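Since the structure comes first, as C-alpha cells, the remarks are kept for the end.
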Amino acid sequence: MLKGKKILLGVTGSIAAYKSAFLIRLLIKAGAEVKVIMTPASTDFISKLTLSTLSKNTVLVDLFDEDSWANHVMLGRWADIMVMAPLSCNTLSKMANGQCDNLLLAVYLSATCPVVVAPAMDEDMWHHNSTKLNIQKLIEFGIKIIPVDKGELASGLVGDGRMAEPETIVQFIEECLRVSKSFSGKKVMVSAGPTYEPLDPVRFIGNHSSGKMGLAIAEELYARGAEVTLIMGPSAINLPKNGIKSIRVNTAEEMYVACTKHFNESDIGVMAAAVADYTPVEVATSKVKKNSDELVIELRKTKDILKSLGENKSSKQVLVGFALETNNEREYALEKLKNKNADMMVMNSLNDKGAGFGTDTNKITIFDKSGKEFNYELMPKKEVAKNIVDTIIQLYYA
Ligand code: CTP
C-alpha cells in the first residue's frame with residue numbers, strides 16, 4: 001500500500017521525536033520514499049544525522065541551508081501525504097494560525113496533499129482550551145488528527161497526550177491514502193437538514209432533521225477527494241469551513257432550485273434532506289392572530305426533488321435517496337427506490353433506538369436497484385457515512 005508513496009515527515013520539538021526514527025524505519029520498510037523536515041527545536045531531541053540515515057535523504061531544517069534555498073513550494077507539492085509526528089503544542093498553534101517562521105511551516109502552508117498530525121504533549125497542555133481550539137481549527141482545515149494515547153508522559157504523570165505509536169501512525173497514513181483519492185475528480189451534491197415552510201413572518205412548518213447525517217456524508221466524500229456541494233436546510237448545524245462548498249436554503253422550493261442546478265453538474269447526488277412534503281398555499285404577510293377557535297391551513301404538495309432528479313438523470317449519474325420510516329420500512333423504502341428512479345436507497349427506521357433525527361448515531365439498511373441489500377448495526381453517523389460511501393464505490397466505481 002505504501003510502496004512508492006512519497007511521504008513528507010515533519011518532526012517538531014517533543015520528547016516523542018525519538019519515535020520518529022521508528023516511524024521512518026517502518027515507512028521505508030513498507031517501500032515509501034521519505035523526506036524529513038525538522039523544526040530547529042526538534043534537533044535538540046533527535047539528530048539530523050539519525051533521521052537522514054534512516055530516511056536515506058537529506059534532512060532539511062532551515063529555509064536557507066548554507067548557500068542554497070529550500071524550495072518549500074516544490075516540497076509541498078512533491079508529497080502524496082504530509083505527516084507531522086510528533087506535533088508539538090507550539091507547532092500546532094502556529095499551524096492553526098497560519099504562522100510561517102520556519103521551513104516546516106512554510107512547506108505545510110504550501111502543501112497541496114492531505115496532511116495528518118500526531119500530537120504529543122503533556123496532559124494539561126493537551127486538555128487546555130487553547131489546544132482544543134487549535135485542534136478544532138486544524139479539523140476545519142481538513143487536517144486529520146491521529147488520536148493521542150493515554151499513558152506515561154515525559155513529566156512523569158500518567159494521562160492523555162502521548163503520541164500514537166509508530167505502527168498506529170503507519171496504519172493511519174495507509175487509511176488516509178486509501179481514501180484520499182478514491183473520489184478525486186468526482187463532483188458530488190449532498191442535500192441535508194430540514195426545510196421550513198413559512199406560514200407567516202414568525203411561524204413555519206418544519207421537522208426535526210438535524211442535518212448531521214448529510215453533513216457526515218459530505219465530509220466523508222470530501223475526505224476522499226470529491227468536489228462536494230452541500231445544500232443545507234435551516235438546521236442549527238454550522239456549515240463546514242474546510243473546502244466543501246456549502247449553500248444554505250430554507251424552503252423546499254429553494255432546495256429544489258439549488259439541487260436541480262448542482263445535480264446537473266454532478267456525478268453523484270445524495271438526497272439526505274428531510275424535505276417538507278407540503279407547504280402553505282398562502283403565506284400571511286403579517287403575524288396571524290388567534291381570532292378564531294379553529295384554524296385551517298391549506299397546504300399544497302412541494303416538488304419531489306429526488307423524483308425530479310431521478311427522472312432527468314443520465315445513465316452515468318448515481319442518485320442516492322433516503323427513506324426514514326416508522327412502519328412497513330422495507331416495503332416503503334423499496335417503493336421509493338423504484339418510484340423515484342434512484343440507484344440506492346438508504347433506509348432508517350424511527351423504531352430503531354438511536355436511529356433517525358437529532359441523534360449522533362444511526363442504523364441503516366441500503367437497497368440498490370438490482371435487489372442487493374446491505375444491513376448495518378447501530379453506529380456513529382460518521383461511520384454510517386463511511387459505509388454509505390463505501391457502498392457507492394463498491395456498486396458503481398469498483
Ligand atoms: N424527497 C425530496 N423531495 C421531497 C420529499 C422527499 O427530494 N419533496 C427525498 C428525500 O430527500 C429522501 C427521499 O425523497 O431522499 C424520501 O423522502 P421521505 O420523506 O422518506 O419520503 P417521501 O417521498 O416524502 O414520502 P412519504 O413522506 O410519504 O414517506
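Since the structure is predicted, the reported quantities are computational estimates derived from the model, not experimental observations. Order of listing sets the numbers, starting from 1, for every ligand and every atom in it.
Using a 4.0 Å cut-off between charged side-chain N and carboxylate O, Arg224 and Asp390 make a salt bridge. Ion pairing between a basic and an acidic side chain is recognised when a charged N comes within 4.0 Å of a carboxylate O; Lys386 and Glu383 show such pairing. Between Lys313 and Asp343, at least one side-chain nitrogen of the basic residue sits less than 4.0 Å from a carboxylate oxygen of the acidic one, meeting the salt-bridge criterion. Using a 4.0 Å cut-off between charged side-chain N and carboxylate O, Lys94 and Asp101 make a salt bridge. Using a 4.0 Å cut-off between a side-chain N of Lys or Arg and a carboxylate O of Asp or Glu, Glu282 and Arg300 do not qualify as a salt bridge. Using a cut-off of 4.0 Å between Lys/Arg side-chain N and Asp/Glu carboxylate O, Lys187 and Asp267 are scored as not salt-bridged.
Within the set Asp277, Val346, Val320, the minimum heavy-atom distance to atom 27 (O) of ligand 1 is found for Asp277.
Between Ile305 and ligand 1, at least one N/O pair is under 3.5 Å apart. Residue-to-ligand polar distances keep Ala272 apart from ligand 1: every N/O pair is separated by 3.5 Å or more.
The aromatic rings of Tyr397 and Phe183 stand perpendicular to each other, their planes meeting at an angle above 60°, with 30° marking the opposite boundary. Ring orientation note: the planes of Tyr18 and Phe22 are nearly perpendicular, at an angle over 60° on the 30°/60° scale.
Counting only heavy atoms, the protein never gets under 4.0 Å from atom 19 (O) of ligand 1.
Looking only at heavy atoms of the protein, atom 22 (P) of ligand 1 is closest to Lys340 NZ, 3.7 Å. For atom 7 (O) of ligand 1, the closest non-hydrogen atom of the protein is Leu306 N, 2.7 Å. The protein heavy atom nearest to atom 29 (O) of ligand 1 is Lys336 NZ, 2.8 Å. The protein heavy atom nearest to atom 10 (C) of ligand 1 is Ala273 O, 3.4 Å. Of the protein's non-hydrogen atoms, the one nearest atom 4 (C) of ligand 1 is Val275 CB, 3.5 Å. Scanning the protein for heavy atoms near atom 17 (O) of ligand 1, the closest one is Phe322 O, 3.6 Å. Atom 15 (O) of ligand 1 has Met271 O, 2.7 Å as its closest protein atom, hydrogens excluded (heavy atom only).
A distance-only check finds a donor-acceptor pair linking the side chain of Thr260 to the backbone of Tyr256 [under 3.5 Å]. Not a single donor-acceptor pair under 3.5 Å links the side chain of Asp200 to the backbone N or O of Lys287.
For ligand 1, the atoms closer than 4.0 angstrom to any heavy atom of Thr302 are 8 (N). Short contacts between ligand 1 and Gly321, defined as distances under 4.0 Å to a heavy atom of the residue, involve ligand atoms 15 (O). Of all atoms in ligand 1, listed by their number and element, those nearer than 4.0 Å to a heavy atom of Ala323 are 20 (O).
Ligand 1 lies within reach of Lys303, whose nearest heavy atom is under 4.0 Å from it.
Of the heavy atoms in Leu324, only backbone atoms (N, CA, C, O) come closer than 4.0 Å to ligand 1. Here Asp304 has heavy atoms under 4.0 Å from ligand 1 in both its backbone and its side chain.
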Problem - salt bridge (Lys or Arg N to Asp or Glu O under 4.0 Å) evaluation trace for Lys340 with Glu311 - result: CA-CA 7 Å; Lys340 303 193 187 211; Glu311 279 163 1; over 6 Å; no
